[in-house]
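Notes follow once the structure below has been shown.
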Amino acid sequence: MTREQVDARLFAYRHNVGRAAHLREEIKHTEYLCDREAHRRAELAVSTTKPPAEVPGGKKITDVTGSTAAYLADTQPTPEARTLAQNLENMQLELYKLLRDIALVDGWVKCLSEMEKQVLAWRVFDGCAWLDVAALYEKAYGQICVEKTLLRKKAQAMEKIYRAAL
């Protein structure tokens, strides 16, 4: 993996976490809609399906298999149900990819010291300016830290991440 790819994943981390949370909710809702649609189709088929007296070949349907086939023919998914199922599949695939990227970044961040994690989170994940990072650092650790020191801490953290990613 190149440094540019690592940088892109780091910068997209916060967005990916938020998108994954949103997708989980959307998937729950879409699963509910799919279940409701399937239940509606089944109820409709049971209440309205009467097996035809004969099939196009002129034979009578008297066996259980024929009745079941007629039932299944009337309970095929509607275009809306197929669209819901396709959307659900697409969302699940997107969530899988996001969770894979999130886990990858989490693994990289685990190799950092606590201070490096904080500086990286404030600067890269949250997008704070260096002045804000210095203020947050002072508030969190009770030490005044100049921009040059923070830049060095971030550079050290990024080097560790690059080594872990390659």
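By convention here, the first residue in the shown sequence is residue 1.
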Exercise for the section: For side-chain contact (heavy atoms from CB on, under 4.5 Å), just list the numbers for Q92 and Y96, CA-CA rounded to whole Å, side-chain angles, deciding distance to a tenth of an Å, and then say yes or no. Expected result: CA-CA 6 Å; Q92 288 170 333; Y96 168 76; over 6 Å; no
Exercise for the section: Check step by step if side-chain contact (heavy atoms from CB on, under 4.5 Å) holds for I27 and E31. Expected result: CA-CA 6 Å; I27 286 171; E31 285 174 339; 3.7 Å; yes
Practice task
Not counting sequence neighbours, which residues clear ring pair (Phe, Tyr, Trp, His ring centres under 6.0 Å) with Y141? List them please.
Solution key: Y137
Problem - Single-linkage hydrophobic cluster, 4.5 Å side-chain cutoff, L95 and L33 together - result: no
Practice task
Treat each ILVMFWY residue as a node, draw an edge where side-chain heavy atoms are under 4.5 Å apart, and state whether M115 and L151 are in one component.
Solution key: yes
Exercise for the section: Would you name the heavy atoms of C34 and L84 that are closest together and state the gap between them? Expected result: SG-CB, 3.7 Å
What pairs of donor and acceptor atoms, side-chain ones from residues 124-135 against any protein atom, are under 3.5 angstrom apart with sequence neighbours left out?
residue, atom, partner, partner atom, Å
D126, OD1, R14, NE, 2.9
D126, OD1, R14, NH2, 3.1

Problem - Approximate separation, where rounding is to 0.5 Å, of Q118 CD and R123 CZ - result: 15.5 Å
Exercise for the section: Using side chain to side chain donor-acceptor pair (under 3.5 Å) as the criterion, list what pairs up with S113, not counting sequence neighbours. Expected result: E116
Exercise for the section: Please lay out, stage by stage, how Q156 and L112 fare under the test side-chain contact (heavy atoms from CB on, under 4.5 Å). Expected result: CA-CA 9 Å; Q156 290 169 349; L112 304 176; over 6 Å; no
Exercise for the section: Write down the atom of L150, the atom of C145, and the distance for their closest heavy-atom approach. Expected result: CD2-SG, 3.7 Å
Problem - Check: K153 and T149 side chains under 4.5 Å, non-hydrogen atoms - result: yes
Fill in the blank from the handout: CG of L23 to CG of L98, rounded to nearest 0.5 Å, is 6.0 Å
Exercise for the section: Decide whether L99 and V109 are clustered together by the hydrophobic rule: side chain heavy atoms of Ile, Leu, Val, Met, Phe, Trp, Tyr closer than 4.5 Å, transitively. Expected result: yes
Problem - Residue among R9, K160, M158, R163 satisfying side-chain contact (heavy atoms from CB on, under 4.5 Å) with W108 - result: R9
Practice task
To the nearest 0.5 angstrom, please state how far the CD atom of Q5 sits from the CG atom of L166.
Solution key: 10.0 Å
Problem - E159 side, atom CD; I161 side, atom CD1 - distance, nearest 0.5 Å - result: 10.0 Å
Practice task
Just do the side-chain contact (heavy atoms from CB on, under 4.5 Å) check on K97 and L93 with the steps written out, would you?
Solution key: CA-CA 6 Å; K97 290 177 182 178; L93 180 62; 4.1 Å; yes
Exercise for the section: Apply side chain to side chain donor-acceptor pair (under 3.5 Å) to D35 and list each qualifying residue two or more places apart in sequence or on a separate chain. Expected result: none
Fill in the blank from the handout: Contacts satisfying side-chain hydrogen bond (donor to acceptor under 3.5 Å, both in side chains) that involve residues 15-28 (not counting sequence neighbours) are R19-E94
Fill in the blank from the handout: Contacts of E114 meeting side chain to side chain donor-acceptor pair (under 3.5 Å) (sequence neighbours excluded), chain-then-number -> none
Handout entry: Distance (rounded to the nearest 0.5 Å) between E37 CD and T83 OG1
Key = 10.5 Å
Exercise for the section: Kindly compute the distance separating CG (D101) from CG (D106), expressed to the nearest 0.5 Å. Expected result: 11.0 Å
Practice task
Please answer: with hydrophobic residues joined when any side-chain heavy atoms are less than 4.5 Å apart, are W122 and F11 in the same cluster?
Solution key: no
